[in-house]
Amino acid sequence: MARYIFITGGVVSSLGKGLASAALGALLQARGFTVRLRKLDPYLNVDPGTMSPFEHGEVFVTDDGAETDLDLGHYERFTGVPARMTDSVSSGRIYSNVLEKERRGDYLGKTIQVVPHVTNEIKDFIDIGDDEVDFMLCEIGGTVGDIEGLPFFEAIRQFSHDKPRGQCIFMHLTLLPYLAASGELKTKPTQHSVKELQSIGIAPDILVCRSEQPIPEKEREKIALFCNVRKEAVVAAYDLKSIYEAPLAYHREGLDQAVLDAFGISPAPRPDLTVWEDVADRIHNTDGEVNVAIVGKYTQLEDAYKSIKEALTHGGMANRVKVNVSWVDAEVFDKDDAAPHLEGFDAILVPGGFGERGTEGKIKAAQFARERKVPYLGICLGMQMAVIEAARNVAGIKAAGSEEFDHEAGKKRFEPVVYHLKEWVQGNAKVTRKADDDKGGTMRLGAYDAVLTAGSKVAEVYGSTAIEERHRHRYEVDTTYREKLEGCGLNFSGMSPDGRLPEIVEWQDHPWFIGVQFHPELKSKPFDPHPLFRDFIRAAKENSRLV
């Protein structure tokens with residue numbers, strides 16, 4: 001039976017809950033415990049996959065095909081535990097489930113209310129997998145006081161009373177603002193935040209206080225006194241140069257010990273932090289640096305490419321180099337020459353995206369990388385743009401384009417070397433889709449197998465000819481053009497097991513030019529960098545040292 005840790009955010013700032021949750025999970029693992037992290041999102045986005053990246057940041061995809069909050073990416077990167085569909089739920093999903101049950105007659109004609117029907121649905125979700133792990137860490141999105149969060153806070157309050165005493169604790173993350181004019185940390189926001197939490201029946205056992213400055217003993221005692229927690233349970237969370245220092249930093253501040261004390265676990269296994277010490281060493285002790293351009297359309301919000309940025313960092317760790325990422329707006333050179341914007345970079349990455357905006361710039365980025373022999377990694381749409389570039393400029397198909405852009409424009413303008421994916425095999429079943437289907441949750445989502453060509457660059461990178469990667473797309477490269485493109489040197493080096501869907505393309509006469517239809521960044525971790533990112537940065541490192 002799992003022990004539950006509920007993590008909430010304060011009225012001033014909830015910044016860092018996801019990171020604190022992930023780091024705590026890593027620390028408990030380092031002590032030999034099994035963990036699972038779960039996100040309860042009070043907001044109404046039933047399907048993050050239908051939201052703009054500007055609204056929500058990256059959509060993280062699980063093996064079983066769930067489109068989830070980007071915090072689940074943090075959880076996977078720090079613990080290595082693959083997230084599941086049941087690890088994330090929004091209020092929209094909760095209310096949808098309640099309505100479905102009511103229409104089936106599950107409530108036998110009762111009036112549907114927030115308490116008990118909505119709160120019971122939330123509690124049922126929290127309880128999934130109770131017998132699988134030692135600790136279940138549940139982060140409640142938003143901040144205490146948000147009207148959207150009230151049913152969730154009531155649910156976790158009830159949940160803690162339903163379980164045996166000592167099986168649930170509450171961890172609250174707050175901000176200690178520093179006033180430079182007076183040279184002091186202000187504890188009042190934390191006191192008010194805890195008061196707000198107590199007013200709805202929840203008393204935190206541990207306070208994690210974000211602060212730019214060291215927390216003096218006097219202030220720590222004051223917080224403990226007025227917030228009714230032990231002084232040892234007031235844990236400082238200071239700003240760090242890298243998020244991957246968080247497990248070591250939180251351990252130094254005693255977060256994992258405070259959790260064990262709150263549960264009365266004594267004696268506890270000593271933590272083995274060797275992995276995180278090695279990660280920290282690779283961050284701080286580098287042998288040079290490389291400059292990578294990410295040519296995308298959501299560059300104003302870096303969270304839209306969160307996993308890609310982190311996977312590049314992991315590739316840097318594997319090669320002991322610092323990776324300097326520059327965000328290049330693809331629209332800037334939609335019509336202009338790409339060279340002035342891309343010269344000087346050691347490698348170019350073109351990520352996924354939806355819609356036609358910025359795609360001509362991405363095609364020019366692929367052309368620049370191909371002609372200049374610059375290492376190139378195209379992900380999802382980035383692979384499709386590389387194929388269109390090859391079709392136009394090498395294979396002579398001047399009108400090459402994507403059916404997606406014609407659908408968006410409402411008229412036919414291109415010869416579709418990339419088409420709308422109408423059917424594919426998932427497990428033992430055939431999945432079919434139409435272009436006018438609902439957008440949410442209808443893509444090719446989750447983990448699928450791929451078969452790599454023996455002797456290809458990607459087979460060498462993976463060290464295998466059989467791989468499994470996560471997908472999120474509804475358009476696909478048309479194999480009708482495979483023979484013509486391969487005749488020009490663009491090899492289809494990875495295919496779905498049935499041979500119908502292209503998974504990977506690579507230029508055979510290029511030092512490192514690979515496009516993948518899947519999202520390798522979603523499975524990369526600091527202690528286990530994804531092979532593609534590890535080798536991509538290796539190629540960038542070699543390119544940076546060419547005379």
(Q) Run the ring-ring contact (aromatic ring centres under 6.0 Å, His included) test on H530 and Y462 for me, step by step, so that the C-alpha distance in whole Å, both residues' side-chain angles and the decisive distance to 0.1 Å come before the verdict. (A) CA-CA 9 Å; H530 191 282; Y462 277 97; 5.6 Å; yes
Is it true that [X] and [Y] have a side-chain N and a carboxylate O under 4.0 angstrom from each other?
X    : Y    : value
D127 : K163 : yes
K222 : E184 : no
R357 : E331 : yes
K309 : E58  : no
E221 : K218 : no
D69  : R93  : no
D87  : K39  : no

Q | Residues, nucleotides or ligands: over 12 heavy atoms within 6.0 Å of L179 CG | A |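 Buried by this count: over 12 neighbours within 6.0 Å.
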Q) Any side-chain donor paired with an acceptor under 3.5 Å for N291 and N324? A)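 Yes.
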Q) Would you say the side chains of S91 and E148 form a donor-acceptor pair under 3.5 Å? A)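 Absent: no donor and acceptor within the cut-off.
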So do [Y] and [X] actually touch side chain to side chain, heavy atoms under 4.5 Å?
X    : Y    : value
L37  : T79  : yes
F125 : I122 : no
Y244 : R282 : no

Q.
Quick check for you: to the nearest 0.5 Å, what is the distance between S524 atom OG and R77 atom CZ?
A.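 Going from OG on S524 over to CZ on R77, the span is 8.5 Å.
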Q: Kindly compute the distance separating CZ (F153) from OG1 (T119), expressed to the nearest 0.5 Å.
A: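 F153 atom CZ to T119 atom OG1 measures 14.5 Å (nearest 0.5 Å).
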**Q.** For the student: nearest non-hydrogen atoms of A347 and F536, plus distance
**A.**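 Taking A347 first and F536 second, the nearest heavy atoms are CB-CZ, 3.5 Å.
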Q | Nearest heavy-atom neighbours spanning G16 and L173 | A |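 Looking at all heavy atoms of both residues, the closest pair is O-CD1, 3.9 Å.
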Between [X] (side chain only) and [Y] (backbone N and O only), is there a donor and an acceptor less than 3.5 Å apart?
X    : Y    : result
R38  : I126 : yes
K297 : G355 : yes
R31  : P269 : yes

Q.
Show, in sequence, the C-alpha distance, side-chain angles and deciding distance for R210 and D239, and conclude whether the salt bridge (Lys or Arg N to Asp or Glu O under 4.0 Å) test is met.
A. CA-CA 8 Å; R210 283 190 61 101; D239 293 344; 3.2 Å; yes
(Q) Can you classify the ring geometry of W276 versus F78 as parallel (below 30°), tilted (30 to 60°) or perpendicular (above 60°)? (A)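 Parallel, since the angle between the ring planes stays under 30°.
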Q.
Can you tell me how the ring of F159 sits relative to the ring of Y4, calling it parallel under 30°, perpendicular over 60° and tilted otherwise?
A.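 Geometry flag for Y4 against F159: perpendicular rings.
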**Q.** side-chain contact (heavy atoms from CB on, under 4.5 Å), paired with V144, selected from I202, T174, V194, I200
**A.**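 Output: one option passes, namely I200.
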